[in-house]
Each structure stands twice: as C-alpha cells, then as structure tokens.
Amino acid sequence: MHDKSAHAARHRVPPTGFIRKYIFSTDHKVIGEQYYGLALAAVFIGMVLSWIMRIHLAWPAAAIPGMQLLSKNGAPGGVLTPEYYLQLMTMHGTIMVFFVLTTAPLAGFGNYFLPIQVGAEDMPFPRLNMLSFWVTFGAFLVAIAAFFVPQGPPLSGWTAYAPLSALGEVAGPGQGTGQVLWAVSIAIFCVGQLLGTLNFISATLDMRCQGMGLMRLPLTVWAWFITACISLTAFAVLMPACILLVLDHVAGTSFFVPSNLVVNDQLQPHAGGSTLLWQHLFWFFGHPEVYIAIVPAMGIVSHVLITNMRRPLLSHKAIIYSMVAIAFLSYMVYGHHMFVSGMNPYSSIAFSLPTLAITIPSTIMVLIWIGSLYGSKLRINTASLFALGFISMFVSGGITGFFLAQPSLDIMLHATYFVVGHFHLVMAVAALFGIFAGTYFWFPKVTGRMMNETLGKVHFWFTFVGAYCIFMPFHYLGMAGNVRRYQAFVDDFMAPLMPVHKFITIAALITGAAQLIFLYNLIHSRFWGELAPQNPWEGTSLEWSIPSPPPFDNFAGKLPVVYHDPYQYDIEGATNDYVMQDSPASINSVRGEK
Amino acid sequence: MGKVFAATLIVIALASAMPIILHTWEPPADISTHGRLIDEQMSETMAEAGVAFLAAQLILAWLVWRFSNRPKNEKIQHFPGGARGLVAAAVLVVGIEVMALGIFGAKAWAAIYFTPPSANALPIQAQAGQFAFYFRYPGADGKFGPIHPEMVNEGNLNFFGLDTTHDADSKDDIVTAELAVPVNREIHLLMHSKDVGHSFFIRELRIQQDFVPGLDLAVHFTATKPGKYEILCTQLCGLGHYNMKAYLKVMSQSDFDNWLKQKAALQ
Amino acid sequence: MVLTNRQDDRGAPYGGNPGKYLLVYFGILVLAGLQFAIAYQQVNVTAALFRMFALAILEAGLMVVFFMRLGAENRPFVTWIAIVTLLVLTIMQSSWPDSYRMERDAPPNDRSPGYRTGPSQ
Amino acid sequence: MSQSDLTMGTHLSVPERSSPFAMPSKKLAMWLFLIADAATFATCLVAYGFLRNGSLNWPTPFKFFPTVVNTMVMTFILVTSSLTMALGVRAAKMGDQDAAYRWTMLTAAGGSIFVLLHVHEWMDLIDEGVRLSRNPWGNALFGASFFTITGLHLIHVMAGIVVLIVVGLRCRGGRCDAGDVEITGLYWHFVNLVWMFVVPLVYLLNVSK
C-alpha cells in the first residue's frame, strides 16, 4: 500500500492565469462555486417567472411593466397571452428542477465539500469535473435560448407530455423550435450530470484519507454519495428519451405520437407511437429526480443540526439506511405520477404501495432529527433556523404524500393545486431550505468571512412564514378542485377562489423580494463581512480543520489522518465540548449508539 | 430566538389546520354512486395526516422552545429509549398505519376501475380535442358509426369525422357539445382523444381520467342528482387549456329522452 | 491529470493459460449461433423472444464474468453493481402492461388492415 | 459509533486507506459509466419492445441473405474482437507492450470491419427505401427504431475504435498504461455485450421466415 507521504508528495501547482484559475478551473472548489453561481442565477430567473405567473393569475388583465420587452407577441402591452403564461410556466419548472434543485445541493455543495470532508485534495477526475460544469452551463444556455426563438419557449410544461411536445409547431406556439431546444438542453444536461456522478461516487469510495472509514463519513457525504447513485441511472434514462423526442420533431419518427391524430383539421403524418411510453420514460427519471433534489438537503440539514445541537444524532446509521431505502424506493414508485393518465389501473395499485412505503424511511429520519433535539443544547443561528425550517417543511410537504400515493384519492387531487402545494413544499422549498442552511453554515469556510446574522435571520423569517403563506393555501385550493396549469380562472367554480389566489400572489411577491436580502447579504459579506475564524461553529468534520478559505489543494500537500467518527460532540474532558475528526486525542467516555 | 421559532411554528401549524377543521374549502357534494368510498377514504387519510402533521410540528416546536440556547453548564440529556424506540415507532405505528390505509383504500379504486360497466349501461362517446369536448350518442341503432380522421372538419361541424353518406351506423348518431345523462342510470363513457392528451374531470362525479391519444379508454359512472356540472380538462393540452370545458347535465329519464329527440332533430 | 487512489488491482492475477478465454469465446459463439437457429424455428414471437433473450443473458454473463473479469472483482463490488443494475433494468419493465393495451384499446378505426403504416397514402 | 473508538487509551486505530471495491478509480468510473450506458441502451430497447409489442403490423423484412448472413458475420467479428481485446488486456497487464499493441490494433481492425459491414447494410436498407420516418413494408416505427438502436450502438463502436487506436499507439511508444488498456477493454466488451441483445431483438425477431 502507499503511505500518505507518497500520496501527498504530488505537489500540484496551483494555476496562475485568470482563466485557468476561475473560468476553466479543475479545482473542485471553484467548480462548486460555479455550480452554486449557476443555480443562483437560475433561481432568480425562475423566481421572477413565478412572480409574473402569480401576478397574472391574480390579476389576469393587469399589464406587467416591462413584459413587452421580453416578448412582444407573448405579452402585448405587458399582458400575458394564454400561451405565454404556459411558456413561462414550462421554463419556471425546467429551470427550477434542473438548474437549481439538481445543481445547487448536489453539484454545488457536493463539489465543494465532498473532497474536503473525505480528506482529499480534489475529485479523482478534475477535468471531467470541469467538463461537467461547462456541459451543464451549455445546457442552461440552450434552455435560455428558447426564450429568444421566434415562437418562444415550449408550452408543454416541464414534463413535456407527448404528443403535445412531439407534434411540432402545429400543436401550439413554441412547440417547434422551442420544444426542440428544451429537449436538446435536457439531453445535454443529463450528460453533464453523468460526468459529475462518476466523480462523486469514485471520490467517496476511493479518495478517503487514512482512517476515514465509510461509517466515519459525515452524513453530507453519505447523502451526496447516495444521490449520485440515484442520478447515475436516472439521467441515463432521460437522455435517450429526450433524443427520441427530438427525433420525433426533426426526423419525422413517431415514437411518442400515435396514428390518426387530427390537429386543426389536419391529419398528422405520424403513426404508431405511444404517448404513455414518454410518460413511463420521463417519470422513470422524474421520480428519482425528486430525491436527487431532496436527499442532499437531508444530509446538509443533518450536518448543520448536529453541529448546532452539540450532540450526535440518536443514530447515525438509521439516517444512512433511511437514505439508502429512499434511493431504492425512488425507482419503484414512479408510476404514482400516472394514476389517472391512462396507465393500466392494475399498475396503479402496484405503484401505490411502495409509494406509501416511502413514509417509513422518511418518518424514521424525521423522528431521529426530532428525537435528537431532545436534551440537546441547540444553538439558534440562521443556519440552524433554516435546518429546523427544513424539518417543518419536509413534514408538511411529505404528509400530503399520503393522499397522492393513493390512486383513489388521486382521482380528486391529480392536476389540482394540491399537487402543486405538495411538491413545492417537499421538493422545492425543503430543498431550498437545505441550500440556505448550507449557505449560511459554510459561507465562512468558502469566503473566509461571516455572513451577517441579523440580515440572515430577517431573511429566514420572511422565507419561513412566506413559504407557508404561499404553499399551504395551495392545498386548500386543490381540495376545492382548483385545477393547475390554467392561465386564468374565468366564469366557473374556480372564480370564488380568487381571493386565495390574490393572497398567495401577495405572499409570493413579499417572500420573493425578501430573497434580495439574501442576495445582498451574500455579496456584501463576501467582500466586507467580518473575518471568519477557521472553525466558527465549532464543528468536527474535516472542512473545519483547514483555513478559511481553504488553500488550493485543501490540506496544503499533507493529507489528514482521521481518528474519530464524524460527530464527536458532548465529549467530557475536551477543551471545548468537541473533538475534531483529525484530532489524535483519544476519547475515553463511553457512549452507546444503537 | 428559539422560542420565537417555536411560537411561530405553533401558530403556523394551528392556522394551517384551521381551514381543514372548519371545512372552509371543500370539494362540492358527491353526486355519484362510487364517490362515497373516495370521500370516506379522503376523510380517513385527512384525519391521519392531520394528526401526524400537528403532532410533528407541535413536538418540534416544543423541543426547540425547551432546548434552544441552554446555558453552558447544563448537560446534554438523552432521549429515553434512544433511536431504537423511534425507529420501531416509525415502522410499526406510522408505517403500518399508512400501509393499511393504502391497502384498504385500494377498494375505492377497485370499485371504479376493476369492475366492468353493467350490461344496460348507456354508452356515450366523449371526444376531446383542442380545445373542446364533444359527445356522441349512438342513436336508435345503439351503434356508433366509425370515425374517419381524415374527414374531421370543424368548419362543417363534423367533429368526429363521421361519414353519414356511406356508414349506416353513423346516420343516427347524435353529436352534442354538452353531456346530458339520465339520472340514476349507469353511463359507459368511451373516451377518445382527437389530437393531444386531455383529461375529463368532474368534481361532483369524483371522476378524473385522461384522454390518451391512440387509446380509447372508458369510464363508467352513475349520477344520482339532477343538475348542471362543469367538465374540465386537467391535462395540459395547449394554449386554450384553461378554457376547455363543457357541462354535464343530469336530468330525469323523460327530460333526457326529450333532450335527445331535440338534438336528433337538429342533426 | 487523474488523481487515482493508487489502489493495487487486487483482482485475480493475470497470466497463465489464455485457454480460458478461448473457451469462453467459443461458448459465446455457440450461444450466438443458437440465437440464429431459434430465429428460424417455427414458434411464435414471444417464445422466440424468450429463448433468444435467455441466450443473450447467458452470453452477456460470460462476457461480464470472464472477459470483463467481474468474476475476479471483490464481493462488495459485485453485489453493489448487480443490485444497482438489476434494480434499474427490472423496474424499467413496469411499462409493459401499457404496451399490451396499445393494440387492444386502440381506437377501432386504427385497427383496420394496414393501420399504422405511416403517413397516410 | 464504532466500538473500537470508545475504549482506546493511548493507541488509536487508524485503518489504512482502502476502497471497498478494491479497484483503481478509473476502472470504477468506467464501470459506473457502463451502468449508466446500460440504462441508456435498455431505455432504447424497452421503447422499441414496447412499440413493437403494441403494433399490429410490425414488418419482418430481413431475409437470410444478405441481412442475416451479414449479421452473423458482424456478430462473429465482434465476438472475436472481444477475444483479441481480452488477450490485449492480458498482455498489457503482463507487461508485454508489443503484444498489447498488436492485440489492440487487431481489435480496432475488427471493429472497423464491423463498422464497414454495418454501414454497408445501412446503405442497402436506405436504398430499399427505409428511412427514420418510413419504410416500404409497414409500420413506420420499424425504420425509426432500427436506425436509432443500431445507430446508437454504431456510435459506441466508432468511439471505441478511436480510443483503441489511441491506447494502442501509446502502448507501442512504450507508454503503455495497463490500466488504460483494461478500461478500454471493459468498454469494448460492454459494447459487444449490447450487440448480443441488439441482434435477437432488432434483427432476429424481424426475419422473414
């Protein structure tokens, strides 16, 4: 075997030029920041899109200032046309799901902290890593380009159900070039994620420093590793599906288009395909994607909570096994998106039961988090507040899964705002809370400066209360039968629900605006924040054992040696109440973990 | 700050539960024979989910209230029973409860989808297209004439592509833009999509089923209360999706016969 | 630049008689030949498919175990890769029930002779 | 918390760095890529099977000569190239760089013949009027799925040939990294393995009897 001195003697030279250092950098930390920056740009675009949609829903005739600049046809005089509403909705979903919820928690934080936390100087394949980001960035540009083609972006939603998405221009504005760009963008995105995944899995297994056994990995690393295992195959299925969709457009094939369709009194030249096939392939990716977004957040939240509770979780292993169980189940349940979409009704039952079974690992995790709070010495700061907020959101959003997992209830709730409320809470808001918790927690390490706590807490309160004000009422709307993906609710039973929509819109505007506090805090603290010590939160994992910000190859040419499990808090006799993972001090107190 | 979090969480949890407890926003009353099972399942699930929701949020609030920012000299305590008890609770209480809910709840689904329509059910064909529903009654011969997609022409009001000159079965087919059904009579609704995916959603009937292009699916239901109800499209079908709706009219058998005669006269 | 973990390959050592490879090679050829024979058996498509598919799995197994030397890798790796791959490939089959309905539930006019022959002539 | 951690006095146990899978990262990454690629091919094959199974008039146009014979030859060449590849990896692992070079190049040559035969077959089909969107025999999806699946496979083979040549040349220059030859071999075997499924599903189920 190679000893650590041999391993550390590699002396990688840090790049000097601006381009090699900050643009085409192979340094995992720069790539992590690039991913985070991409997600930040994307989340603000996605948020503005949601603002526009919310304003339009609450006041359908209102002119939104500046909209006509974005699209002259789509928003004449600033008032959205029905098709432009759907086009913005499609792009909101696409940008948020792919370029925010997939990139930030996994690729952003994971790239930055996974190598550090396992005690490595970089990812095993730095060039692939760089390529992964730039491929993803290219996918983002292609997706954004859809805004600027003549007919605008596609209007078929982020799920792109065929044959609406496969028929081309005849099916609606944006279904031609815009839809092709969408499919191409997603196919490219899949390639980028695959490259990232290779690094994540091999780094976790192979790059661990001496002493870093698998069970000594922090929960964040476990979460990223498990997520990478999910995305390894999920994206590999979506990519060919998108390619087949592109072929239906440009090569005249009919994979997803059945025979004898008549659009605008014209018989379509396609024949023989199946629209359900697209749904199967899409959701085979689509459901694991939900866990790709949420599992990293679970890891980050556990990590942040433990550090701030000053004690390890009741069970380290229960959390890991629960995440593994969720990863397994994520593949077996995808059909619950298709209960009423014409899938074989017997399949519905087969998909319903594993979906309900996901309750079990999810409940285990929530109970472990809550049970660990008992008797802890919880420190309240912005990061821990967001972590607590995550638990609350995850419970609220997860519980509505009881309903949607049952085909018979799905008859009433499918395609209503209930679904919108459910997945926004459990996937979007909860994952975002994980991202926020991670940002406030790790910002000092990344930049060497502290974020402003007061602004952070203001941001938290607006976001926490705001998110509930926005997404809880969605459930009530859905129970009353309010259908989603409608650009206006005219002369029907949904009209009386308009006050709720107006309330949601106002809440969304305020909550969205509060994110500017976060943005200001992020930028201001980056340059003028208080200088951060090496270990401001008194954490134990390896990222706190190196200077803030970390040097080029993380451990300055000498890889650490790990002597302890990740979360050695509440240690008697330690100078503080904790012992770092790489501290050679021995621990005599015996604490059992079941 | 921890106490503020706890207080806020309690307020949010109670406020969130209030509209459910007060039944502020409810689906309209059920007018179908099969809907009772769905409604019962819904209330059972709501009761379970509500208890779980409130319990989790309130316990979280209490723990944060009690254990945040404790003085330095206080000791960390341990949750009695440790992780094992919690895992057992999650599996045995929550897990089994939810699984049981799902397994027994499947009977509502089975009642709708695993049972064929009765032999005397009235067949009606529904066709969805961008962005309107049309309905077809087989007429006196009880047979639907074949659809010729190439003959679909909305300008000529030939929504289904019927060839009334050649197909004998098509001659007496009655095409309407609204769905009229006799009360307390089982309807066998044959669903056909003309172009892209659509959906057929009537809240009062507790029916939602997608129109799948290339597949002629069917649902069956019995409406028990006369009245006029909205039929919505719930599957994104294009720019006019929000405006794609039709009406279900449930009427007495004699009204229905008259209505059908009237419509037939217009063909 | 690749930062490998510098693990030694602890798989079975190379060397010795390449005869095993030849054996596997002929095995695969025979199985492939059988596939071709089955193609001309007078059986229905489903039966032919299952027979050929079983042979293909055998061939793939030989390929993976001997040529790709999965048999020489350590137990955890074999277990992990088998679970992940088989899980994904198995769950992917859950779309089949809908495939059977494509024909059965097709609109009646689509079931006429010559249906789905492509662009309407 | 592991038990060993708790009771230690002066001596702390530090396990050695090790990968649970005991293989170099590059090889692991190749295996991971192959899992993903397997899912990609499986998606295409499932899509094809789904549509074929659900279609009434799926054409079975392939005649014994030339198509099936050609497929036999292609299969034979591909399986043989797997053998040469395996021998090449063995040679590289045993330090015989010249032999590794020869075997790799032989493999690349086999792959090239495969590509030539395949392209020739494609041209014949195109001459007969088979396109992605239509074909003379029936269901339009026949051409679409045939060209998509074999095309995806063909792209893999062509990429493999390029990599084989690059790796082979490096061997000749004495800069042979046995690990690189090995992972190229993994890829090559995998591509051939996929062919084992493509042949029965895409060709042999569609022969005219």
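Below, chains carry the letters A, B, ... as their sequence lines are ordered, and counting in each starts from 1.
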Taking the side chain as everything from C-beta on, heavy atoms only, tell me whether A/L378 gets closer than 4.5 Å to B/N69.
no
So which bits of residues 18-25 of chain B come within less than 4.5 Å of chain A, counting non-hydrogen atoms only?
B/P19, B/I20, B/W25
Note: vs chain A, highest number of non-hydrogen pairs under 4.5 angstrom among B/G2, B/S16, B/G95 is B/S16
Go through the atoms of A/L477 and report whether side chain, backbone, both or neither lie under 4.5 Å from a heavy atom of chain B.
neither
Considering only heavy atoms from C-beta outward, does the side chain of B/W109 approach that of A/Q406 to under 4.5 Å?
no
Checking B/Q130 side chain against A/A171 main chain: does a donor-acceptor pair fall under 3.5 Å?
yes
Count the heavy-atom pairs under 4.5 Å between each of A/I399, A/I411, A/L356, A/L261 and chain B, then report the option with the highest count.
A/I411
Please classify the contact of A/I364 with chain B as side chain, backbone, both or neither, using a heavy-atom distance under 4.5 Å.
both
For A/Y374 and B/W62, take the angle between the two ring planes, folded into 0 to 90°, and tell me which bin it lands in: parallel under 30, tilted 30 to 60, perpendicular over 60.
tilted
Go through the atoms of A/A405 and report whether side chain, backbone, both or neither lie under 4.5 Å from a heavy atom of chain B.
neither
Within-4.5 Å side-chain heavy-atom neighbours: A/P173 and B/L239:
yes
A/L409 and B/M46: side chain to side chain contact (heavy atoms under 4.5 Å, CB included), yes or no, with the steps?
CA-CA 11 Å; A/L409 302 187; B/M46 183 56 84; over 6 Å; no
Answer key: most heavy-atom pairs under 4.5 Å with chain B among A/W369, A/F464, A/F460, A/Y85 is A/F464
Pick from A/Y468, A/F403, A/F339 with the largest number of heavy-atom pairs that fall under 4.5 Å of chain B
A/F403
Under a 4.5 Å cutoff for heavy-atom pairs, which residue among A/S352, A/S392, A/G172 has the most contacts with chain B?
A/S392
Check whether A/Y161 gets within reach of chain B through its side chain, its backbone, both or neither, counting any heavy atom under 4.5 Å.
side chain
What part of A/M89 lies closer than 4.5 angstrom to a heavy atom of chain B: side chain, backbone, both or neither?
side chain
B/V98, B/V212, B/T234: which one forms the most heavy-atom pairs within less than 4.5 Å of chain A?
B/V98
Can you say whether the rings of A/W461 and B/F5 are parallel (under 30°), tilted (30 to 60°) or perpendicular (over 60°)?
tilted
With sequence neighbours left out, the residues meeting side chain to side chain donor-acceptor pair (under 3.5 Å) with A/Y476 are none
Between the side chain of B/Q208 and the main-chain N/O of A/V340, is any donor-acceptor distance below 3.5 Å?
no
Please state whether the side chain, the backbone, both or neither of A/V366 comes within less than 4.5 Å of a heavy atom of chain B.
neither
Let me know if A/M309 has heavy atoms under 4.5 Å from chain B in its side chain, its backbone, both or neither.
backbone
Is A/M472 close to chain B through its backbone or its side chain, or both, or neither, when contacts mean heavy atoms under 4.5 Å?
side chain
Could I get the full list of salt bridge (charged side-chain N to carboxylate O under 4.0 Å, His left out) partners for A/E453, not counting sequence neighbours?
A/K457
Within the 4.5 Å heavy-atom criterion, are B/I103 and A/L353 side-chain neighbours or not?
yes
Distance-only, no hydrogens or angles: does the A/R485 side chain make a donor-acceptor pair with backbone N or O of B/C237 under 3.5 Å?
no
Who among A/L155, A/I368, A/I391, A/T400 has the most heavy-atom pairs with chain B under 4.5 Å?
A/L155
Applying the side chain to side chain contact (heavy atoms under 4.5 Å, CB included) test to A/L388, which of B/L63, B/L9, B/V64 qualifies?
B/V64
Just wondering, do B/T45 and A/F402 contact through their side chains at under 4.5 Å, heavy atoms?
yes
For a 4.5 angstrom cut-off between non-hydrogen side-chain atoms, does B/Y113 reach A/Y346?
no
Report which part of A/N482 has an atom under 4.5 Å of a heavy atom belonging to chain B: side chain, backbone, both, or neither.
neither
Of all residues at least two apart in sequence or in a different chain, which pass the ring pair (Phe, Tyr, Trp, His ring centres under 6.0 Å) check with A/Y84?
none
Chain B interface, residue from A/P345, A/A415, A/G342 that has the most non-hydrogen pairs under 4.5 Å:
A/P345
Side-chain donor-acceptor contact under 3.5 Å, A/S396 with B/Q57
yes
